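Heads up: the structure comes next, in structure tokens.
Order of the sequence lines fixes the chain letters, A, B, ..., with proteins taken first and strands second; residue numbering starts at 1 for each chain. Predicted model, so just to flag it, every value in this text is computed and none were measured.
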There are 2 protein chains.
Amino acid sequence: MTTKCADCPLRRQELFDRMTEDEVRVMQRFKVGELKVDSGTPLLMEGSNSPQLFTALRGMGLRSKLLSDGRRQVVNLVLPGDFIGLQAALMSEMGHSVEATTAMTLCVFDRSEFWSFFRDNPRRAFAISWLAAVEEHFLGDALTTLGQRTALQAVAWALIKVFSRGQHLDLVHKNRMPFPYRQQDIADALGLSLVHTNRTLKQLRERQLVSWQDGELVVIDPQKLADVAMVESIELVTRPLV
Amino acid sequence: MTTKCADCPLRRQELFDRMTEDEVRVMQRFKVGELKVDSGTPLLMEGSNSPQLFTALRGMGLRSKLLSDGRRQVVNLVLPGDFIGLQAALMSEMGHSVEATTAMTLCVFDRSEFWSFFRDNPRRAFAISWLAAVEEHFLGDALTTLGQRTALQAVAWALIKVFSRGQHLDLVHKNRMPFPYRQQDIADALGLSLVHTNRTLKQLRERQLVSWQDGELVVIDPQKLADVAMVESIELVTRPLV
DNA sequence: CGATGGATTGAGTCAGGTCAAGGTTTGTGG
DNA sequence: CCACAAACCTTGACCTGACTCAATCCATCG
């Protein structure tokens, strides 16, 4: 039994823009099913032209690129509400791979329907472009982190960033949120070695800013962490859900 | 006297997708004028909500973000055909600043017309989203460069990337293209210090791969340069022009 | 109970950073 | 036409943040 878009638990969160009933109907028609995958499952491959597009409903994942010599760059994390396959939909090739880090539930859309969906629903089309622009914005920030921040600032930046996303998704309870990634994932996201990432986390722990163990992230003082990260504002911007 | 979209010199280049006559008319209606600026002129500021959007017609520029302590990250270069202000159009705030490096000529569009333009012209809307996706793709590559490549590979990557863009724009003649940036710009783009960028360029020069002086970039052996950069393919993907 | 995947820590090295000093070119005012 | 300044490029010397290599520890699991 798949979740009806009308009953979508995500749409209720304040993070996501309100949708008209019409839009909900349109989404429901576009949605062809639901997919449940185990942790570790690859969802899309870099360079592939997937026939399916997804929206993460439950669970977490990550987007990454592989270099020919095996080095890996984690491009972003995937959290509930994230649209997966935008590049495949618009261009026709993914620029990165996506895999499930935890078990995930995904809404499935049919890529072949994408163009008519886009053409006939300008408001939804705009929402999709909006998502692309947000991702571009995020990647600009990430680039700045890798290029300009020190390891300490970078790790702090990454953690405050996910934590803030977690807050908006109601994943945070009493400063705690589930964070099922490995240190290697964060290292690969920040262009740091595993060892140095580990030492840097230790430093943040000793400074009483964060602790991260057993898949749980605890941010003791978000503001102080943001200061270390040199992040100016952590404001809520509502976003469309697709 | 402004350039008519019908006579747009860019549209003729094979890099850009063909447009229907109807699309050209629509673009012409959306275009409100032309802007000429001197080198060094700021075009859009990070965080601003510009009333104007642009397409670069002639000249080069760059996109950058500033950190609160003055460090700068160059996010991308701006070459003819690039759309400027996408983020302002879709979200309502730029994630980076844009400035002219050389004198530039820009097509000017009215942001307040953007939504109706987007709504009434799904094919053009799709083209815009396509551009956003391409930018996202590029930024993923750039992130991988900063995160995983060595300084030598990174500089090689940056140079082969612009050179390849230059080729598609007919800026290259006999392996030479205009390249009006400062070494500091490239350093800021790659998260390297100026000094190290300079030494790295020297190495590439000594290896007979590239030379760059007096605002002119000469790539002696593109394939070898791509090898150093660990770039697999440098293929032509046509793109829409807005 | 050994095997496997992750986290942690120590020791030594190096890629890339910082500091500092010229060199060149271009533009400007006297 | 020259002197001076400003902007950029280049090189040397030295330093350090982050990397690599290598153990060790700890859970989980078949």
[Y] and [X], any side-chain heavy atoms less than 4.5 Å apart:
X      : Y      : value
B:M91  : A:V134 : yes
A:I160 : A:P222 : yes
A:H96  : B:E136 : yes
B:L106 : B:T55  : no
B:L209 : B:V228 : yes

Item to complete: Start with the C-alpha distance between A:E93 and A:Q87, add both sets of side-chain angles, then the distance that settles side chain to side chain donor-acceptor pair (under 3.5 Å), and finish with yes or no.
Response: CA-CA 6 Å; A:E93 187 167 306; A:Q87 292 188 5; over 6 Å; no
Might you list the N or O atoms of the protein lying below 3.5 Å from N or O atoms in nucleotides 9-12 of chain C, with each pair's distance?
from, atom 1, to, atom 2, distance (Å)
C:dT9, OP2, A:K202, NZ, 3.4
C:dG10, N7, A:R199, NH1, 3.3
C:dG10, N7, A:R199, NH2, 3.2
C:dG10, O6, A:R199, NH2, 3.1
C:dA11, N6, A:R199, NH2, 2.9

Practice prompt. Walk along DNA chain D from 5' to 3' and tell me the first and last nucleotide with an atom closer than 4.0 Å to a non-hydrogen atom of chain B.
Written response: D:dC8 to D:dA13
Item to complete: Could you go through the side chain to side chain donor-acceptor pair (under 3.5 Å) check for B:E135 and B:N76 one step at a time?
Response: CA-CA 9 Å; B:E135 192 66 13; B:N76 202 348; 3.0 Å; yes
Worksheet item: With a 3.5 Å cut-off and no angle check, do the side chains of A:D188 and A:Q73 form a donor-acceptor pair?
Response: no
Worksheet item: What integer distance in Å separates A:W212:CH2 from C:dA7:P?
Response: 6 Å
Worksheet entry | Length of the line joining B:R182:CZ and C:dT26:P, which is rounded to integer Å | 17 Å
Item to complete: Check whether any side-chain N or O of A:Q184 sits under 4.0 Å from OP1 or OP2 of C:dG5, and answer yes or no.
Response: no
Listed pairs, N/O of protein and of nucleotides 13-16 of chain C, under 3.5 Å:
from, atom 1, to, atom 2, distance (Å)
C:dG16, OP1, B:A151, N, 3.0

Worksheet item: Between B:L15 and B:H168, which heavy-atom pair has the shortest distance, and what is it?
Response: CB-O, 3.7 Å
